[in-house]
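This report concerns only the one structure given below.
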Amino acid sequence: MKKYLRLATNEGTGLHPNNRDWTAPSDDDLLDAYSNAVINAVDIVSPSVVNIDVCRNMEIKQHNGALLSREIKANGSGFVFTPDGFILTNSHVVHKASQIAVTLPDGRTFPGDRVGDDPDTDLAVIRIHAPKLIFAYLGDSDKIRVGQLAIAIGNPYGFQCTVTSGVISALGRSLRSMSGRLIDNIIQTDAALNPGNSGGPLVTSKGEVIGVNTAVIQSAQGICFAIGINTAKFVASRLMKEGKVRRSYIGLGGQNIALHRRIVRFYNLPVETGVLVLTIDNNSPAKQAGLGKGDIIIFLTTILSRVLMICIDC
């Protein structure tokens, strides 16, 4: 019992405050470790972060109905991810841009060519032809954890290579893109983002890019979002190859319904629900396949039209 009491009171362990050899742990050590982690990550990644200035020709409708053409300037961020000048950024930064100018951290400016952009995931790839480029290393967004250190680097309001830090607040979020499509596997962080941070990298303490900063809720504090780098890898590879992302398209609208139990047992169906077709787009694959309003889709690979019509009659 005395042994346990001594351990509970730190007697004989050298950790008791009354012990002359005992020293309280210093917060400076922890702060220095945190600072060193951020500094090392910034030193690795910041040379690859670029400022992107764009010009767009917009037509504005006046009160009298006349169209007025105006040139609108904006800026965003991006980062070089290949040694031959490919740059990853957001689609909303360069979409429909008539001119793109890329400024490197060393002050050099080069014209940028849009390789491709994908509004559905808010990602784009541009390219510059410049020597001696430093590129960022792409990490694995599937291996990050909530609470992990996150560092955002970008050019908010044109202030070059601005660094903010925080943690990974949540994983697996969904965010609606400008095209209306949902983007999955979004990273939520409390590292501060501002206009102009879009397209910049979100990195770990090791200097690995884990996300592409894309959005912030203006009315909130510390709720910012980044597209997972694994999604960016997939999209970037398609953009570099074809200039766009090809997606499967069915061309119908529907809703889930429950099938009658008698029909499920009679046809020995493996499911008890289906998708009731409500609308069919013209010249769509669904239209060409002979689908019509009122049909029920049971399988992704097989459509039993006759059985479905019997289900509707029942």
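Below, each value reflects all heavy atoms present in this structure, side chains not excepted, and no hydrogens, waters or symmetry copies. Because the structure is predicted, anything quoted here is derived from the model rather than measured.
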If you measure only the distance, is there a donor-acceptor pair under 3.5 Å linking the side chains of Thr103 and Asn51?
no
Look up atom CZ in Phe86 and atom CG in Asp113, then write down how far apart they are to the nearest 0.5 Å.
10.0 Å
Least distance between heavy atoms, Ala150 atom then Thr189 atom
CB-OG1, 3.9 Å
With a 4.5 Å cut-off on side-chain heavy atoms, are Ile229 and Asp140 touching?
no
Heavy-atom nearest pair, Ser141 first then Ile187, reads CB-CD1, 4.4 Å
About how many Å separate CG of Leu259 and CG of Leu276, when rounded to the nearest 0.5 Å?
10.0 Å
Whether Asp190 side chain and Gly222 backbone form a donor-acceptor pair below 3.5 Å:
no
Drop me the distance from Leu202's CG to Glu208's CD, to the nearest 0.5 angstrom.
12.5 Å
Okay, side chain of Asp295, backbone of Gly292: is any donor-acceptor separation there less than 3.5 Å?
yes
Distance (rounded to the nearest 0.5 Å) between Met240 CE and Phe81 CZ
4.5 Å
Given side chains that start at C-beta, do those of Leu171 and Ile144 come closer than 4.5 Å, heavy atoms only?
yes
Val275 side chain near Ile257 side chain, heavy-atom distance below 4.5 Å:
no
Lys/Arg N to Asp/Glu carboxylate O, Lys244 vs Asp118, below 4.0 Å
no
Listed partners of Arg108 passing salt bridge (Lys or Arg N to Asp or Glu O under 4.0 Å), at least two apart:
Asp106
Closest non-hydrogen atom pair between Asn197 and Asn155, with its separation
ND2-N, 4.2 Å
Counting only heavy atoms not in Lys287 (residues, nucleotides, ligands), do more than 12 fall under 6.0 Å from its NZ?
no
Val38: what forms a side chain to side chain contact (heavy atoms under 4.5 Å, CB included) with it, not counting sequence neighbours?
Tyr34, Val42, Leu149, Ile151, Val163, Ser165
Non-hydrogen side-chain atoms of Asn194 and Tyr157 separated by less than 4.5 Å:
yes
Check Ile280 against Ala286 and note the closest heavy-atom contact, atom names and distance.
CD1-CB, 4.2 Å
Answer yes if Val93 and Val80 sit in the same cluster of Ile, Leu, Val, Met, Phe, Trp and Tyr residues linked by side chain heavy atoms under 4.5 Å apart, and no otherwise.
yes
Other residues, nucleotides, ligands: >12 heavy atoms within 6.0 Å of Met178 CE:
no
Min side-chain heavy-atom separation Thr162-Ile153 under 4.5 Å:
no
Is there side-chain contact between Ser98 and Arg56, with heavy atoms separated by less than 4.5 Å?
no
Heavy-atom pair with the smallest gap, counting every atom of Gly200 and Ser77:
N-CB, 3.6 Å
Intermediate values then yes/no, side-chain contact (heavy atoms from CB on, under 4.5 Å), Cys224 and Gln188
CA-CA 6 Å; Cys224 307; Gln188 180 182 332; over 6 Å; no
Please report the interatomic distance CZ(Phe225) to OG(Ser174), rounded to the nearest 0.5 Å.
10.0 Å
Could you point out which residue of Thr214, Asp122, Asp120 forms a side-chain contact (heavy atoms from CB on, under 4.5 Å) with Ile183?
Asp122
Where do Asp117 and Leu239 come nearest, in terms of heavy atoms and distance?
N-CD2, 3.9 Å
Between NE2 on residue His95 and CZ on residue Arg114, distance to nearest 0.5 Å
8.0 Å
Evaluate the salt bridge (Lys or Arg N to Asp or Glu O under 4.0 Å) criterion for residues Asp53 and Lys73: first the C-alpha distance (whole Å), next the side-chain angles of each, then the deciding distance (0.1 Å), finally the verdict.
CA-CA 7 Å; Asp53 293 302; Lys73 296 183 178 181; over 6 Å; no
Would you mind reporting whether Tyr137 and Val45 have side-chain heavy atoms less than 4.5 Å apart?
no
Sub-4.5 Å side-chain heavy-atom contact between Asn90 and Val212
yes
Looking at Glu272 and Arg261, is there a salt bridge between them, counting it only when a charged N and a carboxylate O are closer than 4.0 Å?
yes
For Gln160 and Val50, indicate whether the former's side chain and the latter's backbone hold a donor-acceptor pair under 3.5 Å.
no
A quick test of your reading: do over 12 heavy atoms of other residues, nucleotides or ligands sit less than 6.0 Å from CZ of Arg247?
yes
Whether the side chain of Asn36 engages the backbone of Asp32 through a donor-acceptor N/O pair (distance < 3.5 Å, no angle test) should be reported.
yes
Under 3.5 Å donor-acceptor, Lys233 side chain and Gly139 backbone:
yes
